[in-house]
Amino acid sequence: MRDVIIIGSGPAGYTAAIYAARAQLNPLLIASSVEPGGELMKTTEVENYPGFPEGAMGPDLMANFQAQAERFGTEILFDDVVEVDLKGDVKIVKTGAGETFEAKTVIISTGAAYRELGLPKEKELSGHGVSWCATCDGFFFREKTIAVVGGGDSAMEEANFLTKFASKVYVIHRRDTLKASKIMQQRAFDNPKIEFIWNSGIAELKGEGKLEGVVLENTVTGEKSDLALDGLFIAIGNDPRVWLVENQVELTEERFIKVEGRSSRTTLPGVFAAGDVIDPTYRQAITAAGSGCVAALDAEHYLASH
Amino acid sequence: MKPVEATTESFKTDVLEADKPVIVDFWAEWCGPCRMVSPILDEIATEYSEKLKVVKVNVDDHPQLAMDYQVTGIPLLGIFQGGKMVKQLVGARPKAAIVSELTEFLG
């Protein structure tokens, strides 16, 4: 039986692994088969991670996290956890490839998954004009007219990035102010290719086989209008990925994993949670990393007393 | 069988006229998620070689094919049968999830 299994490979998971490995707990980190590295793998330049005054590319940063975890003996498995049983003293974790692992403690750092608009045709048009990943799909929109929906840092980053390709980028936002950090806002305001459409939501996606436009709905007046578009990038936030554990640990009202105070302790002994899956507020790489550290220290403490 | 790299010229013979269902992987070098899916498709090509064929299309080298099928997001797995794209999966997903989407073509 293992001391610690860490589920997830974003900043929280890898930081937990670095701390657990240095505490000689020989952690196994299950990284996922197709999304190892988490959210930062989809970003380009990360400018606010301390210690990198010139900034770092998201994927490079995550490769460093992984190398640091491996340096101290973390075992990494590129597979998906499909089932867990966390109730007993022996925690059971099963993977997509059919392996079963046992551990005394489990750290859940499964992050958050992008949110959909929830409109008809959204699925059918995804890959044909509707996208969630600017760095993956921006290339297809050279000299096209596109829009980003959302008002946070990711929406601003995507909009700025997409102006490298597109001739015009609209930012569609439900309110008349942005949640994004001031520096990201200013960059978007200063970009001549970006135009803001305030107080507006998307009521309908139009197009057969390929996105041709959207119907906007003004959130103040209710008035509807058409906007012709070749592409729409959705950046309206994320939902915590809790399906693995939702029937075993207690969740908050907003469906994040509930932890005790500033600790990472969930409602089950020996089960800890860290990163975006517990955080409705900050959701930064550095806060996730800090939270992963907390989880490893809490797991170490638990193991010492059990 | 290893996946076949199709070109704009060979697409007709490689895909449209194939005698079994074909999974076409639209991908590019710069696409991180594509690199995660690629080895999964190599495995599928080998394990299910009797039932289906796997073909890769590099959208940088063959933009016309991406345009013909209105592909604006990758990785996109298009499943072709009888010369038509009958199903599509957008975005990287685990092997088990891809295989379960292929059940109807595995007879």
Side-chain angles (χ1 to χ4, degrees), chain A residues 30-44 57-60 62-63 78-82 94-98 113-114 122-142 144 146 165-166 207-212 229-234, chain B residues 23-44 46-47 56-80 83-103:
Chain A
I30 305 179
S32 120
S33 64
V34 293
E35 295 181 293
E39 286 292 297
L40 282 192
M41 297 300 282
K42 292 202 288 184
T43 65
T44 50
M57 296 303 280
D60 294 344
M62 293 322 298
F78 294 95
D79 199 348
D80 308 288
V81 174
V82 293
K94 293 183 181 173
T95 68
Y114 64 72
E122 190 168 356
K123 197 167 183 183
E124 170 194 330
L125 293 173
S126 87
H128 302 287
V130 174
S131 174
W132 284 268
C133 179
T135 53
C136 309
D137 303 338
F139 161 87
F140 293 101
F141 298 93
R142 275 213 178 104
K144 306 271 188 191
I146 60 180
F165 306 100
E208 296 300 329
K210 177 178 175 293
L211 182 79
E212 279 156 12
L229 291 174
D230 301 303
L232 177 69
F233 287 80
I234 300 172
Chain B
I23 312 175
V24 180
D25 174 19
F26 291 93
W27 71 284
E29 289 283 352
W30 41 262
C31 157
C34 297
R35 286 199 289 272
M36 306 311 301
V37 172
S38 185
I40 296 176
L41 286 177
D42 293 349
E43 288 174 28
I44 290 176
T46 309
E47 286 166 37
K56 301 198 176 194
V57 171
N58 182 318
V59 297
D60 278 336
D61 297 342
H62 306 289
Q64 187 59 46
L65 284 173
M67 257 192 277
D68 288 349
Y69 291 95
Q70 302 182 322
V71 174
T72 63
I74 52 174
L76 185 143
L77 303 180
I79 299 150
F80 284 73
K84 278 193 192 131
M85 182 148 82
V86 293
K87 187 168 184 170
Q88 62 164 47
L89 306 173
V90 183
R93 51 187 92 191
K95 184 180 176 188
I98 295 176
V99 171
S100 83
E101 293 282 354
L102 296 174
T103 325

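Just so we're on the same page: letters track the sequence lines, and every chain starts at 1. Keep in mind that the numbers below use all heavy atoms, side chains included, and drop hydrogens, waters and symmetry copies.
In terms of heavy-atom pairs under 4.5 angstrom with chain B, the leader among A:G129, A:C133, A:G96, A:G231 is A:G129. Of the residues considered (B:A92, B:P39, B:A97, B:G32), B:A92 shows the highest number of contacts with chain A, using heavy-atom pairs under 4.5 Å.
Within 6.0 Å of atom NZ in A:K210, more than 12 heavy atoms from other residues, nucleotides or ligands are found, so the atom counts as buried in its surroundings.
Both the backbone and the side chain of B:P94 have a heavy atom closer than 4.5 Å to some heavy atom of chain A. In this structure, chain B has no heavy atom under 4.5 Å from any part of A:S131. With a 4.5 Å cut-off on non-hydrogen atoms, A:F78 does not touch chain B at all. Of the two parts of A:S32, neither the backbone nor the side chain holds a non-hydrogen atom closer than 4.5 Å to a non-hydrogen atom of chain B. If you measure heavy-atom distances from B:F26 to chain A, you find no contacts under 4.5 Å at all.
Between A:P36 and B:M36, the closest side-chain pair of non-hydrogen atoms falls below 4.5 Å. For the pair B:K95 and A:V34, the minimum side-chain heavy-atom distance is 4.5 Å or more.
Between the side chain of A:D137 and the backbone N or O of B:I74, at least one donor-acceptor pair lies under 3.5 Å. For B:T72 (side chain) and A:G127 (main-chain N/O), a donor-acceptor pair under 3.5 Å exists by modelled atom type.
When all heavy atoms are compared, the tightest approach of B:M85 to A:H128 is CE-CE1, 4.5 Å.
The structure places CZ of B:R35 at 8.0 Å from CE of A:M41, a figure rounded to the nearest 0.5 Å. Note that CD1 of B:I98 is 8.0 Å distant from OG of A:S33, once rounded to the nearest 0.5 Å. Between atom CE of residue B:M67 and atom CZ of residue A:F140 there is a gap of 10.5 Å, rounded to the nearest 0.5 Å.
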Pair B:W30, A:T135 - check side-chain contact (heavy atoms from CB on, under 4.5 Å), show working. CA-CA 9 Å; B:W30 41 262; A:T135 53; over 6 Å; no
